[in-house]
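In what follows, a structure is listed as structure tokens, so that the remarks can point back to it.
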2 protein chains.
Amino acid sequence: MDIQRKDVHNSNIPVLCQACESRHRGVCGALTNDQLLQLSQHSTRRTVEPGTELVGESLQTKSYANIISGVVKLSKMMSDGRQQIVGLQFAPDFLGRPFRQENGVSAEAATEVKVCSFPKAAIERMIREMPELEHKLLEQTLTELDEARDWMLTLGRKTAGEKVASFLLLIATHAFPDNESDSVTYDLPMSRTDIADFLGLTMETVSRQLTKLRADNVIRIVNNRHVIVPDLTRLSERAGF
Amino acid sequence: MDIQRKDVHNSNIPVLCQACESRHRGVCGALTNDQLLQLSQHSTRRTVEPGTELVGESLQTKSYANIISGVVKLSKMMSDGRQQIVGLQFAPDFLGRPFRQENGVSAEAATEVKVCSFPKAAIERMIREMPELEHKLLEQTLTELDEARDWMLTLGRKTAGEKVASFLLLIATHAFPDNESDSVTYDLPMSRTDIADFLGLTMETVSRQLTKLRADNVIRIVNNRHVIVPDLTRLSERAGF
DNA sequence: CGATATCCTTGATTCTCGTCAAACCGGCGA
DNA sequence: TCGCCGGTTTGACGAGAATCAAGGATATCG
């Protein structure tokens, strides 16, 4: 412990944070090395299995977290069980809403997820001291709002085929944010049922549309989860753009 | 001009702001009287007709605004013309996104709208000086995000009948935020076509569902726009709650 | 190795909602 | 007063997605 502390102090950046995306694109980018050090004293990393509930619908959380890797799904449910996934979060997104109680949204690990979590109180104190941190949170919230509204267009106005193509495109662009080429290969972070809940469709319809995209050589699928997109332009045409 | 300035100084609150909702529930609540005065020097009020474009899809805006009264609709459009309304804004919401360009969302007056607008630069300077102002913006953005996600559930998982009931309920609660009783009366702020674009339906389906709600005595409609809801509980049952 | 479970695909049928078309209604100007 | 006009309602029909029901594929476990 003492040794680790010394290491940290020497390099001036906490070891835990050195390779972390949150320090660049995420909220931690707002912190000085000293503040990072201070926060990292209270932060803990953990890895959770797919299906783990990270934030309960009503369950008051005692901590916030940054996503280090993996995909988190945010969903809402109606009293009769109908479900809608209202957002996906990727590294280095911030999980939790300072100064707010949750609003009927539950967060669940879609894949294996690594998070770096801190106590509620520590974050809220640092926010009060550092306007820059709040600015980062506003930035992320605006991005989430844009994404939510994009998805509303998908949910309200696209056909089943366009919806499924839109989903594949969404994952492609988030899995490789700065992909320049026109082809990508990746694993779907969730099951057909989850995809259906994200698109406002049934599992069967999702399956049929995937089959159709495959038949038209827009994608190839290996082992149900592994997707190969030879031509992103063609896929985005199928998504309605 | 000199006289007005003196008046303002005497009362310590700019006349324009004295009766304004934004000073209580809106972003201006973050400002001291002096700051309010400073901002009000640059602010102008105007009234626009239904259909007026307030923020263009790509059009870079030079100013921000608070909504004083009326309803603003935010919408997105696909290249082939399919349209989706992604949000409604009411007084005292803040219009515009400091430090961000617009994201393919256009804002249009749904009803007659009164706004109080300020130059972009003035707001951005004040935000930098006043963390509290940014905090208010974060609050509003989080609220909009919650509303967007609620609506995603509506778009993705509700039936046409539930959607229309949800819309009536949304307007009822926003027109009378703190209505205690179980009955309300109000005017719809938009046409059947707009309602359809908000719900991801066609005009005809909206009309049919309204007819059904009327036939079942859940609502009464006068002159196409005027709605009477005798029992909000019954309406919210129809909305899927 | 076969048995079971889970997830996914495919097929047949049903039903909700979209499309197309006509009629209705209140307002307005000629 | 009439006829026109935009917004709305209503009807007939069809397409697209949901539902119901089997039938594969893959992995896990005895």
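Predicted model only: the values in this text are computed from it and were never measured. Every chain is numbered from 1, with letters handed out A, B, ... down the list of sequences.
- Residue A:Thr205 places at least one side-chain N or O under 4.0 Å from the OP1 or OP2 atom of D:dA18.
- Between A:Thr202 and A:Thr205, the side chains place a donor N or O and an acceptor N or O closer than 3.5 Å (distance only, hydrogens not considered).
- For the pair B:Leu213 CG and D:dT9 C1', the interatomic distance rounds to 15 Å; values are reported in whole Å.
- Residue B:Arg192 contributes atom CZ, which lies 15 Å from atom P of C:dC25 at whole-angstrom precision.
- When the side-chain nitrogen and oxygen atoms of A:Ser207 are compared with OP1 and OP2 of C:dC8, none of them lie within a distance under 4.0 Å.
- When the options B:Leu88, B:Thr154, B:Leu155 are evaluated for a side-chain contact (heavy atoms from CB on, under 4.5 Å) with B:Phe198, the one that passes is B:Leu88.
- What separates CZ of B:Arg225 from C1' of C:dG27 is a distance of 15 Å, to the nearest Å.
- Residue A:Gly161 is classed as having no contact, given no heavy-atom separation below 4.0 Å to the nucleic acid.
- Put simply, NZ on B:Lys163 is 12 Å from C1' on C:dG18, counting in whole angstrom units.
- Between B:Arg208 atom CZ and C:dC20 atom C1' there is a gap of 11 Å when expressed in whole angstrom units.
- Remark: the A:Glu204 side chain and the D:dC20 base include a donor-acceptor N/O pair separated by less than 3.5 Å.
- A:Arg97 and B:Glu139 are not joined by a salt bridge, as no carboxylate oxygen comes within less than 4.0 angstrom of a charged side-chain nitrogen.
- Across the protein-nucleic acid pair, B:His226 atom NE2 and C:dG26 atom P stand 16 Å apart, rounded to whole Å.
- Within 4.0 Å (heavy atoms only), B:Leu210 reaches no atom of the nucleic acid at all.
- Counting to the nearest Å, the P atom of D:dA17 and the CG atom of A:Leu199 are 12 Å from each other.
- Considering only side-chain N and O atoms, B:Thr211 lies nowhere under 4.0 angstrom from the phosphate OP1 or OP2 of D:dT9.
- If you find the closest nucleotide of DNA chain C to B:Asn223 and to A:Met190, the one lying nearer the 5' end belongs to A:Met190.
- One side chain, A:Thr143 or B:Arg100, offers a donor N or O that lies under 3.5 Å from an acceptor on the other.
- Atom CD1 of A:Ile221 is separated from atom C1' of C:dC7 by 14 Å (rounded to the nearest Å).
- Both cation-pi conditions hold for B:Lys158 and B:Phe241: the charged atom is under 6.0 angstrom from the six-membered ring centre and inside a 45 degree cone around its axis.
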